[in-house]
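This one's a predicted model, so the numbers in the text were calculated from it and none came from an experiment.
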Amino acid sequence: MTTKTTINEQPEPLLELVDLEVAFKSSTGMVPAVRKANLTIYPGQSIAIVGESGSGKSTTAHAVIGLLPGTGRVTGGKILFKGEDIAGYTEKQMVRLRGDQIGLVPQDPMSNLNPVYRIGKQVEESLIANNIAKGSDVHKVAIETLEHAGLDDAARRSKQYPHEFSGGMRQRALIAMGLAAKPDLLIADEPTSALDVTVQRRILDHLQNLTAEMGTAVMFITHDLGLAAERAEHLVVMHRGRIVESGPSLQILRDPQHPYTQRLVKAAPSLASARIQSAHAKGIDNSEDKLMGLGDQKSDKEVIRVENLTKIFDIRGAKGADKQFKAVDNVSFTLRRGTTLALVGESGSGKSTVANIVLNLIDPTEGKVYYEGTDLSTLDKAALFAMRRKLQVVFQNPYGSLDPTFTVFRCIEEPLRIHKTGGDKKARENWVAELLDLVSLPRSAMRRYPDELSGGQRQRVAIARALALKPEVVVLDEAVSALDVLVQDQILHLLNDLQAKMNLSYLFITHDLAVVRENADDIVVMEHGKVVEQGPADDIFDNPQQAYTRELIEAVPGGSVLAGRSGYHDA
């Protein structure tokens with residue numbers, strides 16, 4: 001197939017979806033997932049499809065490349081690629097299209113790389129499958145492909161396994177494989193959703209440069225509206241299987257027409273962060289935009305004080321200087337009562353290790369943690385057990401932290417049983433019902449199981465469980481990073497309301513500076529185990545002192561779009 005041009009040399013569409021319908025077969029019949037979707041992509045254009053989980057965006061992309069999971073089927077409409085309808089293509093015909101004409105960078109690199117094959121071998125397989133290289137040239141071309149994707153020391157790295165790569169390196173390997181055949185269209189399905197913002201920015205910058213160099217059209221799939229608008233010229237918003245709005249990125253961000261798009265724009269933390277920054281720069285009081293707009297109620301009384309924390313881990317099998325790894329290096333900070341302190345940094349910065357020491361889940365090598373002036377290391381077993389009632393935690397993955405064999409009632413009630421508190425069965429049941437009210441879940445959810453709930457509902461259950469013992473401090477370890485932006489926005493507002501009602505203090509562990517901008521009173525920035533900067537949130541954002549802090553802030557997506565630089569090719 002070849003792309004034609006019209007008389008005035010304007011290219012014809014590379015991809016057109018015409019009334020596309022996709023459904024999945026179930027025991028009760030066909031369940032529609034995409035309804036009458038229409039969109040157009042021209043050669044070299046970048047387009048982003050945005051929406052929540054279940055909106056149909058990934059299903060649309062998988063229909064284009066013929067990789068619908070399970071019982072998924074195209075049930076109506078057309079998929080025109082270079083003018084030819086590929087909706088009815090056989091698997092053999094689709095295989096010929098994949099790679100050199102339509103490439104894919106999937107969402108989860110660990111699930112899409114074979115853990116028992118070296119990275120180089122997997123790149124070589126993709127080169128052979130797409131007839132890019134053969135025989136003795138394959139290994140050389142594989143190394144060149146990895147170098148092109150931005151991997152340093154590619155010859156050595158090609159001999160390593162996926163588990164020896166960081167998340168960003170694994171994603172680069174997948175980008176290398178997706179672009180190896182120089183496809184006309186690249187589908188990037190949530191390509192950086194699991195990465196830190198700084199790594200995400202570097203990956204997307206590199207992807208942008210590569211695709212521009214090759215003239216490749218890009219279809220981004222993402223739930224992050226700020227990222228989508230910054231990286232794509234054109235936005236397509238999907239909701240419940242339908243395209244509800246479509247247009248130039250800047251136009252949609254500045255003047256969203258559909259109520260759902262308006263909610264997305266308002267809820268996206270990256271865009272809210274950019275709005276706050278812009279308002280501060282102009283001297284405007286926009287405290288309504290900040291979730292934690294409760295300055296007059298904040299206390300200066302310390303609830304937790306961390307002094308000179310250091311944690312050294314022994315590396316199994318290593319020798320000499322490599323045998324020890326200093327994960328936390330002389331860290332000190334104070335959490336004030338009724339406030340939110342955000343501990344931020346990239347993966348590997350040591351922030352979660354600090355949180356685990358504060359929670360008394362691991363012991364420090366050096367340093368102290370004080371709770372209202374009491375050194376936690378001096379407490380005996382009984383006193384430490386009692387202390388845990390005051391100090392609770394909400395983890396990143398609610399499904400992993402809730403027992404799937406327990407009902408929601410039992411998940412929330414379990415801490416009451418363990419600490420032998422909450423009164424008799426009836427009293428405990430009433431308290432669990434009140435907790436469900438607090439986290440805005442129906443009381444009927446009590447008898448359901450975690451796998452019957454959405455991700456946002458499960459996180460609400462995890463919050464209710466953390467509040468069951470009426471704690472004074474809650475550690476939130478990446479507690480909203482796995483959620484869609486609308487659900488994330490709801491949970492952040494819920495945490496804000498609960499803080500005001502119960503005078504809670506939050507230690508917020510996150511890599512997402514956009515979330516921090518909305519809800520933190522104080523910020524501690526960590527890099528390589530050390531605190532590089534700390535202070536009030538407004539001071540850190542308005543006048544960051546360290547280059548690393550500035551890099552974290554600048555990496556928040558969406559700011560450049562609202563500043564007026566509209567679109568992927570201006571980034």
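Here the side chains of Lys326 and Thr310 are in contact, with some heavy-atom distance below 4.5 Å. Looking only at side-chain heavy atoms (C-beta outward), Leu486 and Asp489 stay at 4.5 Å or farther from each other. The closest side-chain heavy-atom distance from Pro404 to Asp451 is not below 4.5 Å. Val515 has its side chain within reach of Phe508: a pair of non-hydrogen atoms, C-beta onward, lies under 4.5 Å apart. Between Leu504 and Glu472 there is no side-chain heavy-atom pair separated by less than 4.5 Å. When side chains are defined from C-beta on, Leu204 does not count as touching Glu230, because their heavy atoms never get closer than 4.5 Å. Residues Val516 and Ile540 fail the side-chain proximity criterion, which asks for heavy atoms closer than 4.5 Å. A 4.5 Å side-chain heavy-atom check between Pro450 and Phe406 finds every atom pair outside the cut-off.
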Starting from the C-alpha separation in whole Å, work towards a yes-or-no answer on side-chain contact (heavy atoms from CB on, under 4.5 Å) for Lys390 and Met387. CA-CA 6 Å; Lys390 299 179 181 178; Met387 177 61 70; 4.2 Å; yes
Decide yes or no on side-chain contact (heavy atoms from CB on, under 4.5 Å) for Tyr371 and Val473, but give the supporting numbers first. CA-CA 10 Å; Tyr371 189 94; Val473 176; 3.9 Å; yes
Verify side-chain contact (heavy atoms from CB on, under 4.5 Å) between Val474 and Leu498, making sure each step is shown before the conclusion. CA-CA 11 Å; Val474 179; Leu498 293 171; over 6 Å; no
Begin from the C-alpha positions of Asp522 and Phe333 and carry the test side-chain contact (heavy atoms from CB on, under 4.5 Å) through to its verdict. CA-CA 10 Å; Asp522 302 296; Phe333 60 81; over 6 Å; no
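Ile175 contributes atom CD1, which lies 11.5 Å from atom CG of Leu146 (distance to the nearest 0.5 angstrom). Atoms CG and CG, from Leu402 and Leu453 in turn, are 8.5 Å apart once rounded to the nearest 0.5 Å. Separation of atoms CG (Leu416) and NZ (Lys425) is listed at 14.0 Å; rounding is to 0.5 Å. The CE atom of Met526 sits 9.5 Å away from the OH atom of Tyr548 when rounded to the nearest 0.5 Å. With rounding to the nearest 0.5 Å, the separation of CD in Gln459 from CG in Leu495 is 8.5 Å. Within the model, atoms CG of Leu113 and CD of Gln171 stand 8.5 Å from one another, a figure rounded to the nearest 0.5 Å.
For Arg417, the salt bridge (charged side-chain N to carboxylate O under 4.0 Å, His left out) test picks out Glu413, with sequence neighbours left out. Shown here are the salt bridge (charged side-chain N to carboxylate O under 4.0 Å, His left out) partners of Glu533, two or more places apart in sequence or in another chain: there are none. Residues forming a side-chain hydrogen bond (donor to acceptor under 3.5 Å, both in side chains) with Ser352 (at least two apart in sequence, or on another chain): Asp477. Residues satisfying the side-chain contact (heavy atoms from CB on, under 4.5 Å) test with Lys530, not counting sequence neighbours, are Asp329. Residues satisfying the salt bridge (charged side-chain N to carboxylate O under 4.0 Å, His left out) criterion with Glu372, sequence neighbours excluded, are Arg337. In this structure, Asp497 has no side-chain contact (heavy atoms from CB on, under 4.5 Å) partners at least two apart in sequence or on a different chain. For Asp153, the side-chain contact (heavy atoms from CB on, under 4.5 Å) partners two or more places apart in sequence, or in a different chain, are Arg156. When the salt bridge (charged side-chain N to carboxylate O under 4.0 Å, His left out) test is applied to Glu164, no partner is found at least two apart in sequence or on another chain. Every ring-ring contact (aromatic ring centres under 6.0 Å, His included) that Phe385 has, sequence neighbours left out, goes to His419. Here Ser440 pairs with Arg460 under the side-chain contact (heavy atoms from CB on, under 4.5 Å) rule; sequence neighbours left out.
Between the Gln160 side chain and the Ile119 main chain, no donor and acceptor come within less than 3.5 Å of each other. Between the side chain of Arg172 and the main chain of Leu151, no donor-acceptor pair closer than 3.5 Å is present. Looking only at distances, no side-chain donor or acceptor of Arg305 sits under 3.5 Å from a matching main-chain atom of Gly373. Judged by distance alone, with hydrogens and angles left aside, the side-chain atoms of Gln488 form a donor-acceptor pair with the main-chain N or O of Val480 at under 3.5 Å. Looking only at distances, a side-chain donor or acceptor of Ser332 sits under 3.5 Å from a matching main-chain atom of Asn308. Between the side chain of Glu190 and the backbone N or O of His223, at least one donor-acceptor pair lies under 3.5 Å. Side chain of Ser505 to main chain of Gly338: a donor-acceptor pair is present (N/O by atom type, distance under 3.5 Å, no hydrogens or angles). At distances below 3.5 Å, not a single donor-acceptor pair connects side-chain atoms of Thr510 with backbone N or O atoms of Val344. Checking side-chain atoms of Gln546 against main-chain N and O of Pro544 turns up no donor-acceptor pair under 3.5 Å.
What you find for Ala468 and Leu435 is that their closest heavy atoms are CA-CD1, 3.6 Å. Across Val328 and Gly350, no two heavy atoms sit closer than the pair CG2-O, 3.8 Å. Considering all non-hydrogen atoms of both residues, Thr340 and Gln499 come closest at OG1-NE2, 3.2 Å. Across Pro162 and Tyr117, no two heavy atoms sit closer than the pair CD-O, 3.4 Å. In terms of heavy-atom proximity, Leu174 sits nearest to Asn112 at CD2-O, 4.2 Å. The two atoms that bring Gln534 and Val531 nearest to each other are NE2-CG1, 3.8 Å, heavy atoms only.
Of the residues listed (Asn356, Leu343, Val393, Leu335), the one engaging Val475 in a side-chain contact (heavy atoms from CB on, under 4.5 Å) is Val393, and it is the only one. No option in Thr334, Ile509, Val306, Leu507 other than Leu507 meets the side-chain contact (heavy atoms from CB on, under 4.5 Å) test with Leu341. Looking at Ile523, Ile553, Asp538 one by one, the single match for side-chain contact (heavy atoms from CB on, under 4.5 Å) with Arg517 turns out to be Asp538. The salt bridge (charged side-chain N to carboxylate O under 4.0 Å, His left out) test with Glu346 singles out one residue from Lys351, Arg202, Arg201, and that residue is Arg202.
If you check the side chains of Tyr370 and Glu302, you find no donor sitting under 3.5 Å from an acceptor.
Around atom CZ of Arg410, no more than 12 heavy atoms belonging to other residues, nucleotides or ligands sit under 6.0 Å away.
Sorted by first then second residue, the ring-ring contact (aromatic ring centres under 6.0 Å, His included) pairs that include residues 153-178, not counting sequence neighbours, number zero.
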Ignoring hydrogens and angles, write down the donor-acceptor pairs under 3.5 Å from the side chains of residues 357-367, residues two or more places apart or on other chains.
| residue | atom | partner | partner atom | Å |
| --- | --- | --- | --- | --- |
| Thr365 | OG1 | Ile312 | N | 2.8 |

